[in-house]
**Q** 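What follows is a single structure, and I will ask about it in a moment.
All figures in this text were calculated on a predicted structure; none of them were measured in a lab. Letters go in sequence order (proteins before strands), and every chain restarts at 1.
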There are 2 protein chains.
Amino acid sequence: MKKVTINSVATYAGVSKKTVSRVLNNEPNVSPATREKVLKVFKELDYTPNPIARGLARNRSFIIGCLYDNPSKSYITRVQSGALEACHKHNYNLLIHPCELRGEALIANIENLLMTSRLDGLVLTPPFSDSIELIEFLKKKNVNYARVASAIEDDESISVRSNDEQGAFEITEHLIELGHSHIAFIKGHPDHSATEQRFSGYQRALSAHNLTFDDTLVAEGNFSYHSGADSAKAILDINPRPSAVFASNDYMAAAVLKLATQRQLKVPEDISIAGFDNAPIARHIWPGLTTIAQPVEEMTRQAVELLIEQIGGAQVQVRQTTLEAKLITRESTSKP
Amino acid sequence: MKKVTINSVATYAGVSKKTVSRVLNNEPNVSPATREKVLKVFKELDYTPNPIARGLARNRSFIIGCLYDNPSKSYITRVQSGALEACHKHNYNLLIHPCELRGEALIANIENLLMTSRLDGLVLTPPFSDSIELIEFLKKKNVNYARVASAIEDDESISVRSNDEQGAFEITEHLIELGHSHIAFIKGHPDHSATEQRFSGYQRALSAHNLTFDDTLVAEGNFSYHSGADSAKAILDINPRPSAVFASNDYMAAAVLKLATQRQLKVPEDISIAGFDNAPIARHIWPGLTTIAQPVEEMTRQAVELLIEQIGGAQVQVRQTTLEAKLITRESTSKP
DNA sequence: ATGATCTGTGACACCGGTGTCATAATGTCA
DNA sequence: TGACATTATGACACCGGTGTCACAGATCAT
């Protein structure tokens with residue numbers, strides 16, 4: 001099967017390849033007759049333009065890369081789905097690049113990524129959106145990027161986040177208002193800025209309600225279900241047992257729920273459990289988890305929209321956006 | 001910031017660009033001195049080769065596309081993870097393309113995908129791995145592709161599947177051997193070949209154990225949690241209530257579990273529940289779901305490995321592979 | 001009628017690399 | 001020492017498109 005290039009089309013149609021290119025890109029100044037003729041040859045020869053050649057000439061690939069390292073599958077799919085929505089709207093495609101590395105190795109990895117596929121831009125999700133090294137590197141290399149759910153301030157770069165501190169405050173307050181005062185907390189992964197934010201919202205709610213913060217009620221997790229299970233053991237063994245647990249994400253909360261159920265504790269009668277993120281699991285288990293809905297898709301979608309705008313050469317005006325998180329109450333929390 | 005091209009490097013190092021290209025690709029026949037010199041200039045100028053230009057010259061993009069439309073997030077992430085493993089091993093990248101379309105629109109969509117980014121190959125996951133139209137189209141366009149978890153026979157194309165029929169047989173047999181004879185079944189999405197396979201395994205097990213098949217025990221689902229919830233309602237209302245439910249995937253099984261728990265039924269004492277896929281949710285809920293572990297990552301990994309081999313120009317010998325599915329027993333099934 | 005503007009088209013360089021081939025320099029063997 | 005193989009290097013075309021510019025012919029205002 002011989003290749004059909006713009007040259008074959010041009011020869012066959014009896015026009016110059018520039019004219020073919022004009023038809024291809026819907027440029028003006030082509031007579032209707034010529035346009036028709038060329039379009040007919042497209043069909044006849046079953047011509048597909050070569051995106052690589054086009055990319056070389058235009059210096060564009062129309063591909064956006066998405067960088068992530070997140071233990072939560074549902075977070076990743078939500079990120080992808082938001083990014084894809086924006087990409088497809090503007091006829092871009094999405095290349096995914098999960099990556100577990102830190103420091104030097106991370107930079108080398110990204111360098112290799114940029115060497116093997118030319119990306120028009122990069123979306124950084126946690127924890128990469130907080131990596132100063134990476135951001136410096138990208139700036140140096142003149143790569144367009146947008147940051148999702150990052151807490152670090154940097155007016156230069158595009159960043160869309162949600163208000164985690166406020167969300168954590170609200171859900172803690174929800175527990176307090178139900179009558180809980182002995183509320184355990186499970187922290188997230190230390191590399192994620194959300195971890196600190198959520199912890200801080202928890203503390204602020206305690207002090208806003210004149211409860212003293214007790215660090216023996218705090219367990220260290222890393223957002224994974226597994227780490228939640230470990231933390232759950234520690235927390236359920238505390239004497240007296242906390243009447244409520246606020247886990248920094250739903251996976252860890254689900255792990256607490258599973259262990260509590262196994263130990264014949266009734267949720268929420270014996271212990272209330274709250275999560276964060278509104279992951280699918282929060283409504284797939286029984287009792288459903290009270291949690292904070294973060295607009296993950298929306299954040300990513302907006303970030304990619306802005307990124308594409310910037311790639312297009314626009315001077316993006318509003319680079320920093322904060323979206324609201326929302327409390328979702330389900331069956332896993334009640335009066336003590 | 002001026003662009004650093006192979007030409008600037010060549011000029012700066014005082015060699016021809018072909019020699020620079022040789023160094024870049026680790027080709028032989030470059031004197032150590034020259035190589036050193038060029039490498040030093042790479043550093044000094046902070047040169048990054050342009051993958052697009054390279055792609056044009058070599059007629060390769062080193063990007064594989066992954067096509068899917070699957071309601072299960074965990075299935076998607078498993079597919080991605082297997083594909084990525086193979087890609088990164090061979091220095092390829094992965095572009096994801098979810099796509100809800102069928103028929104004509106699907107073809108147009110894929111055509112557009114191929115027009116906007118040149119992909120070296122395509123991995124098809126269900127239900128696309130079963131789409132005759134799509135396969136015909138790709139053959140016509142001379143696009144390399146590999147099919148994952150497809151049931152249709154086609155010796156020409158690369159295909160890696162797992163034995164769903166056998167898995168369904170085994171899990172049904174497991175229920176029968178526990179003493180169940182009144183076993184409900186929830187079907188999957190009709191577009192997926194797995195749906196028919198699993199149903200057929202269920203039926204074969206019944207007849208192998210001399211149980212008569214009763215179609216009032218069969219509910220129509222579509223693999224989504226939501227459809228599982230609907231089917232669960234129908235099944236739990238059957239009189240007399242089935243003593244066991246085999247749902248075609250774990251999401252639907254989890255929905256049955258949730259409804260049963262809400263109705264104060266004890267699982268597995270009052271009703272046994274089995275799923276399929278060994279999705280994360282199967283072990284994240286309590287009781288954990290008895291299910292069939294499908295080697296999704298492994299299937300996809302192998303499919304992509306073969307695909308890359310084919311792209312490399314090799315005549316791939318063994319194009320068709322079937323992997324084994326494995327029964328995983330957890331707490332959701334027991335004697336009636 | 002005349003210059004000015006607009007429309008349709010093609011020649012040609014260019015994007016940034018790689019492949020082919022010629023050629024000079026060096027090494028090898030009788 | 002000459003004939004021949006090997007190594008190191010560069011000139012140049014090429015991959016398949018797009019951008020710039022020149023130019024002929026049509027249209028328009030004066």
**Q** Could you tell me whether the side chain of Val4(A) reaches within less than 4.5 Å of the side chain of Thr48(A), counting heavy atoms only?
**A** no

**Q** Any heavy-atom pair between the side chains of Glu298(A) and Ser162(A) that's under 4.5 Å?
**A** no

**Q** Give Asn7(A) one of three labels, base, sugar-phosphate or nothing, depending on what nucleic acid heavy atoms sit under 4.0 Å from its own.
**A**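 Answer is nothing: Asn7(A) stays at 4.0 Å or more from every strand.
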
**Q** Between Lys17(B) and Leu24(A), which residue's closest nucleotide on DNA chain D lies nearer the 5′ terminus?
**A**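 The residue mapped nearer the 5' terminus is Lys17(B).
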
**Q** Heavy atoms only, 4.0 Å cut-off, all strands: where does Pro49(A) land among base, sugar-phosphate and nothing?
**A** sugar-phosphate

**Q** Please tell me which of Gly14(B) and Arg58(B) maps to the more 5' nucleotide of DNA chain D, matching each residue to the nucleotide holding its nearest heavy atom.
**A** Gly14(B)

**Q** Across the strands shown, which category fits Asn29(A) at heavy-atom distances under 4.0 angstrom: base, sugar-phosphate, nothing?
**A**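 Base contact.
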
**Q** Would you mind reporting whether His90(A) and Ile64(A) have side-chain heavy atoms less than 4.5 Å apart?
**A**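 Not touching, per the 4.5 Å side-chain cut-off.
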
**Q** Looking only at side-chain N and O atoms, does Ser16(A) offer a donor or acceptor that is under 3.5 Å from a partner on Thr19(A)?
**A** yes

**Q** Would you indicate what Val20(B) reaches in the nucleic acid, counting non-hydrogen atoms under 4.0 angstrom: base, sugar-phosphate, or nothing?
**A**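 If one applies the 4.0 Å heavy-atom cut-off, Val20(B) turns out to touch nothing in the nucleic acid.
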
**Q** Does a donor on one side chain and an acceptor on the other come within less than 3.5 Å for Arg147(B) and Ser157(B)?
**A**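 Yes, side-chain donor-acceptor contact under 3.5 Å.
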
**Q** Taking the side chain as everything from C-beta on, heavy atoms only, tell me whether Lys140(A) gets closer than 4.5 Å to Asp46(B).
**A**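 Lys140(A) vs Asp46(B): side chains touch.
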
**Q** Where does the chain B footprint on DNA chain C start and end, counting 5' to 3' with a 4.0 Å heavy-atom cut-off?
**A** dG16(C) to dT20(C)

**Q** On DNA chain C, nearest-nucleotide positions of Arg22(B) versus Leu56(B): which is more 5'?
**A**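 Here Leu56(B) is the residue nearer the 5' end.
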
